[in-house]
*Asks:* 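Provided herewith is a single structure, encoded as structure tokens, for subsequent inquiry.
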There are 2 protein chains.
Amino acid sequence: MSEGVEWALHSCVNLTWLETGEAVTAARLAEYYRLPAAYLNKQLQALARAGILTSTPGPRGGFRLARAPEDITVLDVVTAIEGADDAFQCRELLRSGPGDHEGVDYRKTCVVSQTMRRAELAYRRELAGSTIADLKATVEKRYAWVPGMTRTTFENLRT
Amino acid sequence: MSEGVEWALHSCVNLTWLETGEAVTAARLAEYYRLPAAYLNKQLQALARAGILTSTPGPRGGFRLARAPEDITVLDVVTAIEGADDAFQCRELLRSGPGDHEGVDYRKTCVVSQTMRRAELAYRRELAGSTIADLKATVEKRYAWVPGMTRTTFENLRT
DNA sequence: GGGCTCTTACTCGGATACCGTGTGTCCGAGTAAGTTAGG
DNA sequence: CCTAACTTACTCGGACACACGGTATCCGAGTAAGAGCCC
């Protein structure tokens with residue numbers, strides 16, 4: 001799985017603590033974790049395309065959350081970065097084997113494919129059960145100083 | 001995810017139908033689905049290293065299941081091909097951020113990491129719940145002619 | 001006929017190329033803020 | 001002083017290289033079967 005997923009999730013959570021009506025540039029989000037700014041920008045673009053962030057160009061521009069943290073699931077972010085395809089892709093191996101394949105969709109009927117898909121669905125269900133708001137809340141509960149420290153750090157980066 | 005997983009799972013199920021005490025060569029297993037023999041051989045080697053298959057060289061050699069189909073989970077096969085690492089690898093992004101990181105293992109404490117890991121565990125749990133014997137049984141129940149057809153096809157490939 | 005030896009062909013196993021995707025970087029189009037000049 | 005146009009610097013966005021892992025292939029080490037020969 002792409003490393004960008006980790007970057008994207010942490011950046012989204014950070015954005016929830018900076019919500020002051022103004023956008024945050026990719027450069028600042030990158031500097032926070034010492035990441036390559038241009039490449040993080042690429043990932044943020046993917047989030048914007050997926051409707052998770054909104055991007056505004058020009059001075060005082062940058063990214064901000066497109067909707068409430070409660071309405072952004074972790075699965076949304078993963079899908080935006082990794083794409084919507086399942087990890088296991090059924091290539092319909094059975095079609096190359098013996099037997100009659102007339103009008104059969106092995107993606108539906110193949111037992112192997114079904115088993116892998118079931119696991120995939122369990123994975124997605126788990127990720128869809130967590131929202132960015134949940135992450136934010138858990139961090140605030142366990143590490144109460146983090147939001148303030150994060151805000152302060154971004155303030156200092158502003159200079 | 002590697003395409004070899006699909007090949008490996010189908011090959012394992014096929015082997016359950018051919019269990020006659022003698023091994024099956026990678027070439028024949030490959031021919032069944034018109035796969036590149038040398039490359040399938042590579043995947044079967046991985047299964048052998050993982051203790052799922054046993055390999056015997058020389059004439060009348062080949063591969064056979066190392067243990068009963070009930071004792072081989074789908075997760076075992078996936079792990080043998082893909083490796084034991086999680087799909088999401090926590091690079092401890094937080095360590096590059098602000099704050100004190102003395103003696104902290106973010107793979108354990110980071111909320112993002114925990115969330116991703118929980119999903120990963122759900123995935124694995126699902127795969128660990130299905131064995132090769134389960135796949136075999138389901139196929140035999142739904143498509144009763146398959147075992148016989150498979151055996152016959154392999155008989156013809158023997159020539 | 002039985003047993004030993006040698007040949008032989010066959011199998012896996014790892015070492016070797018090739019290619020696509022993720023990783024990383026760069027520069028240009030567009031925009032909004034700040035400035036300046038005019039009314 | 002207010003307004004409007006211009007300049008300017010800043011941001012995203014996509015186009016361009018690089019690297020690594022999955023894909024595919026080939027040839028060699030080892031082995032067991034089978035033939036042949038001797039007893």
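Letters A, B, ... mirror the listed sequences (proteins, then strands); counts begin at 1. It should be emphasised that the depicted structure is a prediction, and the values quoted were computed from it without experimental measurement.
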*Asks:* Look at all strands and tell whether A/Ala26 reaches a base, only sugar-phosphate, or nothing, counting heavy atoms closer than 4.0 Å.
*Replies:*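 Sugar-phosphate contact only - A/Ala26 comes under 4.0 Å of backbone atoms but never of a base.
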*Asks:* With a 4.5 Å cut-off on side-chain heavy atoms, are A/Val74 and A/Thr131 touching?
*Replies:*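 In short, these two side chains do not touch, never coming nearer than 4.5 Å.
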*Asks:* Expressed in angstrom and rounded to an integer, what is the separation of A/Asn41 atom CG from D/dA15 atom C1'?
*Replies:*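 Rounding to the nearest Å, CG of A/Asn41 and C1' of D/dA15 are 14 Å apart.
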*Asks:* What nucleic acid atoms does A/Pro59 come within less than 4.0 Å of, heavy atoms only: base, sugar-phosphate, or nothing?
*Replies:*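 Here A/Pro59 touches the bases of the nucleic acid.
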*Asks:* Figure out the CG/P separation between B/Leu35 and D/dT23, and round it to whole Å.
*Replies:*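 It works out to 12 Å between those atoms.
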*Asks:* Whole Å only: how far is the CG atom of B/Leu40 from the P atom of C/dT11?
*Replies:*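 Distance, rounded to whole Å: 14 Å.
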*Asks:* What's the closest nucleotide to the side chain of B/Lys42 if the choices are D/dA24, D/dT31, D/dG14?
*Replies:*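 Ranking D/dA24, D/dT31, D/dG14 by closest atom to the B/Lys42 side chain puts D/dA24 first.
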*Asks:* Between C/dG22 atom P and A/Trp7 atom CH2, what is the distance in whole Å?
*Replies:*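 Going from A/Trp7 (CH2) to C/dG22 (P), I get 14 Å.
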*Asks:* Between C/dG20 atom C1' and B/Met1 atom CE, what is the distance in whole Å?
*Replies:*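 Distance check: B/Met1 CE to C/dG20 C1' gives 18 Å.
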*Asks:* 5'-most contact on DNA chain D: B/Ala37 or B/Glu82, nearest heavy atom basis?
*Replies:*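 It is B/Glu82, whose closest nucleotide lies nearer the 5' terminus.
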*Asks:* Would you call the rings of A/Tyr32 and A/Phe154 parallel, tilted or perpendicular, taking 30° and 60° as the class edges?
*Replies:*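 The arrangement is parallel - the two ring planes meet at less than 30°.
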*Asks:* Report the nucleotide, chosen from C/dT23, C/dT11, C/dG13, that has the shortest atom-to-atom distance to any side-chain atom of B/Ser55.
*Replies:*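 Nearest nucleotide to the side chain: C/dG13.
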*Asks:* So which nucleotide from C/dT23, C/dG13, D/dC12 ends up closest to the side chain of A/Glu3?
*Replies:*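 My answer, after comparing the listed nucleotides, is C/dT23.
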*Asks:* Less than 4.5 Å apart, side chain to side chain, heavy atoms only: is that true for B/Phe63 and B/Thr54?
*Replies:*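 No, side chains not in contact.
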*Asks:* Which nucleotide, D/dT25, C/dC12, D/dG13, lies nearest any side-chain atom of B/Ala38?
*Replies:*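 Shortest atom-to-atom distance from the side chain points to D/dT25.
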*Asks:* Can A/Glu6 and B/Arg91 be counted as an ion pair, charged N to O under 4.0 angstrom?
*Replies:*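 No salt bridge links A/Glu6 with B/Arg91.
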*Asks:* Is B/Arg49 near enough to C/dG14 that one of its side-chain N or O atoms lies under 4.0 angstrom from OP1 or OP2?
*Replies:*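 Answer yes for this pair, as a side-chain N or O of B/Arg49 is under 4.0 Å from OP1 or OP2.
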*Asks:* Could you give the CD1-to-C1' distance, from A/Ile81 to C/dT21, as a whole number of Å?
*Replies:*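 Checked: the CD1 to C1' distance equals 15 Å.
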*Asks:* Ignoring backbone atoms, test whether B/Thr56 places a side-chain nitrogen or oxygen under 4.0 Å from the OP1 or OP2 oxygen of D/dA32.
*Replies:*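 Answer no for this pair, as no side-chain N or O of B/Thr56 is under 4.0 Å from OP1 or OP2.
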*Asks:* Select from A/Pro36 and B/Pro57 the residue whose nearest nucleotide in DNA chain C is closer to the 5' end of that strand.
*Replies:*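 Its nearest nucleotide lies further toward 5', so the answer is B/Pro57.
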*Asks:* Expressed as a whole number of angstroms, how long is the span from A/Glu6:CD to C/dG22:P?
*Replies:*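 Interatomic distance, CD of A/Glu6 to P of C/dG22: 17 Å.
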*Asks:* What's the CD-C1' distance between B/Gln45 and D/dA29, to the nearest Å?
*Replies:*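 For the pair B/Gln45 CD and D/dA29 C1', the rounded distance is 13 Å.
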*Asks:* Would a 4.5 Å heavy-atom cut-off, applied to side chains only, mark A/Ile132 and A/Glu70 as touching?
*Replies:*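 Not in contact.
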